[in-house]
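Just so we're on the same page: letters track the sequence lines, and every chain starts at 1. Remember, predicted model here, so these are calculated numbers, not experimental data. Computed from heavy atoms alone, side chains included, the values below leave out hydrogens, waters and symmetry copies.
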Number of protein chains: 2
Amino acid sequence: MATDDLMTRALEALGDDGPLSVEAIRRLADLADLPETMTIAEVADLLDISPHTLRYYERAGLIEVARDGIGHRVYDAGAVRRLVFLTRMRLSGMPMRDLRHYISLVDAGGHTVPERLDVLVEHRDTIRRRIRELTLSLTAVEYKIATYGGATGPDVQALGTTTGTGHTALPDEPPRRALPAE
Amino acid sequence: MATDDLMTRALEALGDDGPLSVEAIRRLADLADLPETMTIAEVADLLDISPHTLRYYERAGLIEVARDGIGHRVYDAGAVRRLVFLTRMRLSGMPMRDLRHYISLVDAGGHTVPERLDVLVEHRDTIRRRIRELTLSLTAVEYKIATYGGATGPDVQALGTTTGTGHTALPDEPPRRALPAE
DNA sequence: CTATGCCTTCGAGCGCGCTCGAACGCAAAA
DNA sequence: TTTTGCGTTCGAGCGCGCTCGAAGGCATAG
């Protein structure tokens, strides 16, 4: 029940399709059947990041990974889950610094849960803000595309004056009166 | 007509309010009445970037700015409009490199309009992709918050097992069976 | 006449998040 | 036995986008 519901919401959130959403959905689903342990190459492949980066995260103190008899890293399901989390947070723009803080809270024990929630809520708000910013930018870019040749320069005369009437609303270079300075 | 329409769309795009949207709207509106010329401090204030950054953009070849008799920068309306554009594009994540390319197209003349549109369309798609990514991340974070103490660690027992039933859907650390390795 | 304040140029430095190369080890394949 | 291939550690380097400091110029205020 919770699963279907969540997947549905995630899919809705994705909106129109694309290669990235497919990949993302796969990642959502894949977590259900994780192998017992994984090698660094497998994890790197799963998360679509380089082994270098995985080692870097370990060096950065974000995660501890066990070694086998030969010294190679062995990622158990817990480590992989944490890395999935870390990767998602990085992808959504949380800086390493904050991630280190969060992880330190996790490792400090259950009494830090409220503080962890604070971190998450703040990050949630950051994401929302970013989405709003991007949506605004998107609108501007779409408008610029729609009204044709964005005239950031002395090329308006080459376009004719098809966009000539009253759109001082969006700041991206409305048509100039005659030839502008630059 | 176009003005109202666009502002409406921009506002809708902003969705729920916040300090950032107010600021953004101000910027949208302000372009209507730009002073004839501005100093670097005024432009910096308008765009909410530092004079240092403005000089940097100039050094980077994104814009040329005239000087007055004394050697100080004089930003005319055209320069300011270009900087508004540049700032928005930066804010929406377009790298300097691409911006330089775009600007070089603009300066090359009207025959580059199709190529410019290519750049804009590609950037539009990048923004859309990014919004989808962020929306997915947002869903995940909201889920994590909703199901309480994100359990990236051995603290689940401290929380009770309220989140114990079947949500393998979202990968961020579902409750473990007993004490996990890490 | 100084002091303040904002401007100039130039080049160096920084924080972030990787990214890479060097030098090496073990193990299965040829 | 040598080669291939994947792993290890360590430290340096890089690309990006600023950000800052130094050294100085001009103008207005006190």
Kindly indicate, with the supporting measurements, whether the criterion side chain to side chain contact (heavy atoms under 4.5 Å, CB included) is fulfilled by A/Y57 and A/I49.
CA-CA 11 Å; A/Y57 285 174; A/I49 59 182; 4.2 Å; yes
What is the distance from CG of B/L54 to P of C/dC7, rounded to the nearest Å?
11 Å
Indicate the atoms forming the closest heavy-atom contact of B/M96 with B/A60, along with that distance.
CE-CB, 3.9 Å
Can you tell me how far CZ of B/R73 sits from OG1 of B/T37, rounded to the nearest 0.5 angstrom?
14.5 Å
Which atom pair, heavy atoms only, marks the closest approach of B/P35 to B/M38?
CG-CG, 3.6 Å
Minimal non-hydrogen separation, A/V141 against B/L120, with atom names:
CG1-O, 3.8 Å
Could you list the protein-to-nucleotides 7-11 of chain D atom pairs, N/O on both sides, closer than 3.5 Å?
| residue | atom | partner | partner atom | Å |
| --- | --- | --- | --- | --- |
| D/dT8 | OP1 | A/R73 | N | 2.9 |
| D/dT8 | OP1 | A/R73 | NH1 | 2.8 |
| D/dT8 | OP2 | A/R55 | NE | 3.0 |
| D/dT8 | OP2 | A/R55 | NH2 | 3.0 |
| D/dT8 | OP2 | A/R73 | NH1 | 3.4 |
| D/dT8 | O5' | A/R73 | NH1 | 3.3 |
| D/dT9 | OP1 | A/R67 | NH1 | 2.6 |
| D/dT9 | OP2 | A/R73 | NH1 | 3.0 |
| D/dT9 | OP2 | A/R73 | NH2 | 2.7 |
| D/dG11 | N7 | A/R59 | NH1 | 3.3 |

Tell me the interatomic distance from B/D68, atom CG, to C/dC7, atom C1', rounded to whole angstroms.
9 Å
What are the atom names and distances for every N/O pair under 3.5 Å that joins the protein to nucleotides 15-17 of chain C?
| residue | atom | partner | partner atom | Å |
| --- | --- | --- | --- | --- |
| C/dC16 | OP1 | A/R97 | NE | 3.4 |
| C/dC16 | OP1 | A/R97 | NH2 | 3.4 |
| C/dG17 | OP1 | A/M96 | N | 3.3 |
| C/dG17 | OP2 | A/M96 | N | 3.3 |

Which heavy atom in A/L62 sits nearest to a heavy atom in A/L99, and how many Å separate them?
CD2-C, 3.8 Å
Between A/S92 and A/H123, do the side chains contain an N or O donor and an N or O acceptor separated by less than 3.5 Å?
yes
In this structure, CD of A/E115 is separated from OG1 of A/T112 (nearest 0.5 Å) by 7.0 Å
